[in-house]
Q: 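One structure is given below, represented as structure tokens, and several questions about it will come after.
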Amino acid sequence: NNAVIGTSFDGNKVYVFNSIQTTRRLAKGVASTTRDENGEWSELKKENIPGFVIGEGVYSFYINPSEDVLLIAAPNDTANHIDLNVSIKQEDGSWGEMKSLGSKINTTGNEISPYLFKDKKTLYFSSDGHKGKGSSDIFMSLRLDDSWQNWTTPMNLGKPINSKDFDAYFIIGNNEEVYFTSNRDQDLSEIYYTRISKSPYRNLEDLIVEGQFLYKGLPA
């Protein structure tokens with residue numbers, strides 16, 4: 001299996017995932033290739049990510065266009081489920097140690113297909129461990145600090161994105177078009193398309209906040 005997991009802003013660098021080591025020396029794991037001025041692609045160069053070891057199981061990745069955040073959905077070594085992790089590019093150009101996104105995002109179920117919006121704070125992913133409408137739904141969460149482990153409670157995107165079946169691999173295009181995969185009303189997944197009619201992360205005054213406000217001990 002070979003898959004594109006991200007590109008640079010100008011499209012001249014492509015990151016790929018290779019699950020098989022072949023005689024052509026394709027890097028097993030995450031690799032990158034660069035296009036030269038003649039339009040030719042270089043040999044794949046392996047991206048070394050401390051703490052990430054490829055094995056059996058389901059994997060999914062996302063590298064943002066600024067090429068400094070790598071999200072990894074990988075099997076948990078100590079449990080029978082898939083968790084979301086992150087590696088941050090360091091000042092010297094190397095990748096930092098892979099670490100979990102924490103318990104607010106990861107559950108005892110499976111969290112897969114991460115996508116990070118261009119603000120580097122808005123995370124979209126698919127999960128069957130958070131409360132949803134079907135076998136696996138797409139959720140959104142906002143990063144609250146630089147630890148990458150402190151997030152808002154994931155919000156289910158609801159209809160028409162999510163269905164009673166499997167929904168995953170959500171991405172947003174340059175013009176707020178949205179693509180995702182779903183097997184609704186069929187056995188195998190297909191790609192679906194829609195557009196964002198209103199951006200919830202830009203219109204915070206429209207959010208409904210539920211909670212209890214405590215004024216005890218404050219001045220009148």
Side-chain angles (χ1 to χ4, degrees), residues 2-19 21 25-55 57-78 82-106 111-126 139-154 169-174 176 199 201-202 204:
N2 301 279
V4 172
I5 62 174
T7 69
S8 59
F9 276 117
D10 60 10
N12 287 324
K13 190 170 186 178
V14 171
Y15 293 85
V16 298
F17 168 59
N18 305 104
S19 63
Q21 191 84 23
R25 294 178 294 155
L26 298 180
K28 186 177 180 182
V30 176
S32 61
T33 177
T34 304
R35 181 166 51 187
D36 63 23
E37 57 187 14
N38 298 318
E40 299 293 328
W41 292 100
S42 67
E43 290 292 321
L44 284 177
K45 175 186 176 182
K46 186 172 183 178
E47 299 287 331
N48 293 310
I49 305 148
F52 172 64
V53 179
I54 190 82
V58 176
Y59 293 83
S60 51
F61 306 83
Y62 178 73
I63 291 182
N64 63 335
S66 57
E67 306 170 72
D68 55 358
V69 180
L70 169 60
L71 296 175
I72 305 170
N76 188 308
D77 290 338
T78 59
I82 302 169
D83 283 347
L84 295 186
N85 308 273
V86 66
S87 175
I88 304 298
K89 185 164 285 187
Q90 308 299 297
E91 291 184 359
D92 62 1
S94 65
W95 289 102
E97 188 81 18
M98 185 182 80
K99 60 181 180 180
S100 170
L101 291 189
S103 59
K104 205 69 178 254
I105 298 296
N106 292 319
E111 281 69 50
I112 64 170
S113 69
Y115 167 74
L116 190 67
F117 191 62
K118 57 187 177 182
D119 62 3
K120 299 183 187 179
K121 294 182 179 180
T122 310
L123 171 71
Y124 295 87
F125 64 98
S126 184
F139 293 82
M140 181 191 81
S141 180
L142 299 175
R143 180 166 60 88
L144 298 175
D145 57 29
D146 292 334
S147 71
W148 290 86
Q149 293 186 319
N150 190 15
W151 300 85
T152 61
T153 299
Y169 300 99
F170 176 98
I171 62 170
I172 301 174
N174 293 333
E176 296 194 335
S199 302
Y201 39 79
R202 295 184 193 168
L204 297 181

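Computed over heavy atoms, backbone and side chain alike; hydrogens, waters and symmetry mates excluded. Given the structure is predicted, the values throughout are model-derived calculations rather than measurements.
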Q: Could you give the distance from CZ (Phe9) to CG (Asn64), rounded to the nearest 0.5 Å?
A: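 Atom-to-atom, Phe9:CZ and Asn64:CG are 7.0 Å apart.
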Q: Please determine whether side chain to side chain contact (heavy atoms under 4.5 Å, CB included) holds for the pair Asn76 and Asn106, giving the CA-CA distance in whole Å, both sets of side-chain angles, and the decisive distance to 0.1 Å.
A: CA-CA 10 Å; Asn76 188 308; Asn106 292 319; over 6 Å; no
Q: Is the backbone N or O of Gly29 less than 3.5 Å from a side-chain atom of Lys46, with the two atoms forming a donor-acceptor pair by type?
A: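 Pair absent, no side-chain N/O of Lys46 close to backbone of Gly29.
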Q: Checking the side chain of Gln90 only, and the main-chain atoms of Ile88 only, is there a donor and an acceptor separated by less than 3.5 Å?
A: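 Yes, the answer is positive, given that a donor and an acceptor are paired below the 3.5 Å cut-off.
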Q: Measure across Tyr115 and Phe170 and return the closest heavy-atom pair with its distance rounded to 0.1 Å.
A: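 Looks like CB-O, 3.1 Å.
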Q: Heavy-atom distance under 4.5 Å between the side chains of Phe52 and Leu70, does that happen here?
A: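 With C-beta onward as the side chain, the pair stays apart.
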Q: Decide side chain to side chain contact (heavy atoms under 4.5 Å, CB included) for Lys99 and Val86; before the verdict, give the C-alpha distance in whole Å, the side-chain angles of both, and the deciding distance to 0.1 Å.
A: CA-CA 6 Å; Lys99 60 181 180 180; Val86 66; 3.9 Å; yes
Q: For the side chain of Ser126 and the backbone of Ser113, is there at least one donor-acceptor N/O pair under 3.5 Å apart?
A: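 Not at all, since once roles are kept as given, no pair shorter than 3.5 Å links the two residues.
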Q: Give, for atom CG of Asp68 and atom OG of Ser87, the distance between the pair rounded to the nearest 0.5 Å.
A: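 With rounding to 0.5 Å, CG (Asp68) is 10.5 Å from OG (Ser87).
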Q: Looking just at side-chain N and O atoms, do Thr122 and Asp119 make a donor-acceptor pair shorter than 3.5 Å?
A: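 A donor-acceptor contact under 3.5 Å links the two side chains.
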Q: In terms of heavy-atom contacts, does CG of Asp146 have more than 12 from other residues, nucleotides or ligands at under 6.0 Å?
A: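 Check fails, neighbour count at 12 or below.
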Q: Measuring from Ser141:OG to Leu123:CG, what's the distance to the nearest 0.5 Å?
A: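 Between atom OG of Ser141 and atom CG of Leu123 there are 6.0 Å.
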Q: Side chains of Trp41 and Val14: closer than 4.5 Å at any heavy-atom pair?
A: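 Yes, side chains in contact.
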Q: Answer yes or no: are there more than 12 heavy-atom neighbours, outside Lys121 itself, under 6.0 Å from its atom NZ?
A: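 Result for NZ/Lys121: open.
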Q: Can you establish whether the number of heavy atoms outside Asp92 located under 6.0 Å from its atom CG is more than 12?
A: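 Result for CG/Asp92: enclosed.
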Q: Taking the side chain as every heavy atom from C-beta outward, state whether Asn2 and Val16 have any atom pair closer than 4.5 Å.
A: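 No, side chains not in contact.
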Q: Check whether any side-chain heavy atom of Lys104 lies under 4.5 Å from a side-chain heavy atom of Thr153, and answer yes or no.
A: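 Yes, their side chains come closer than 4.5 Å.
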Q: Of the non-hydrogen atoms in Pro50 and Gly96, which two are nearest, and what is the gap between them?
A: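 Taking every non-hydrogen atom into account, CD-O, 3.6 Å.
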Q: Kindly say whether Ser8 contributes a backbone atom to a donor-acceptor pair with the side chain of Asp10 at under 3.5 angstrom?
A: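 Looks like no, no N/O pair under 3.5 Å.
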Q: Rounded to the nearest 0.5 Å, what separation is found between the CD atom of Glu40 and the CZ atom of Arg35?
A: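 Answer rounded to 0.5 Å: 10.5 Å.
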Q: Any heavy-atom pair between the side chains of Glu111 and Phe139 that's under 4.5 Å?
A: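 They are not in side-chain contact.
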Q: Is the Tyr15 ring parallel, tilted or perpendicular to the Trp95 ring (thresholds 30°, 60°)?
A: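 Ring orientation, 0 to 90° scale: perpendicular.
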Q: Treating Thr33 as the side-chain partner and Ser42 as the backbone partner, does any N or O pair qualify as donor plus acceptor under 3.5 Å?
A: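 Such a contact is found between Thr33 side chain and Ser42 backbone.
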Q: Between Gly57 and Pro75, which heavy-atom pair has the shortest distance, and what is it?
A: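 Heavy atoms of Gly57 and Pro75 come nearest at CA-CG, 4.1 Å.
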Q: Give me the atom names and distance for the closest heavy-atom approach of Arg143 to Lys120.
A: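 Minimum heavy-atom separation between Arg143 and Lys120: NH2-O, 2.7 Å.
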Q: Contact between Pro154 and Ile105 at the side-chain level, heavy atoms closer than 4.5 Å - yes or no?
A: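 The answer is yes, as the side chains (C-beta and beyond) meet within the 4.5 Å cut-off.
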Q: So which heavy atom on Leu101 is nearest to which on Trp151, and how close?
A: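 Shortest heavy-atom contact: O-NE1, 3.3 Å.
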Q: Which heavy atom of Glu47 sits nearest to which heavy atom of Ser32, and what is that distance?
A: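 Residues Glu47 and Ser32, closest heavy atoms: OE2-OG, 2.7 Å.
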Q: Less than 4.5 Å apart, any side-chain heavy atom of Ile72 and any of Ile49?
A: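 Heavy-atom side-chain distance check passes, below 4.5 Å.
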Q: For Leu71 and Leu84, run side chain to side chain contact (heavy atoms under 4.5 Å, CB included): C-alpha distance rounded to whole Å, both residues' side-chain angles, the deciding distance at 0.1 Å, then the answer.
A: CA-CA 7 Å; Leu71 296 175; Leu84 295 186; over 6 Å; no
Q: Do Ile172 and Tyr124 touch side chain to side chain, with heavy atoms closer than 4.5 Å?
A: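 Heavy-atom side-chain distance check passes, below 4.5 Å.
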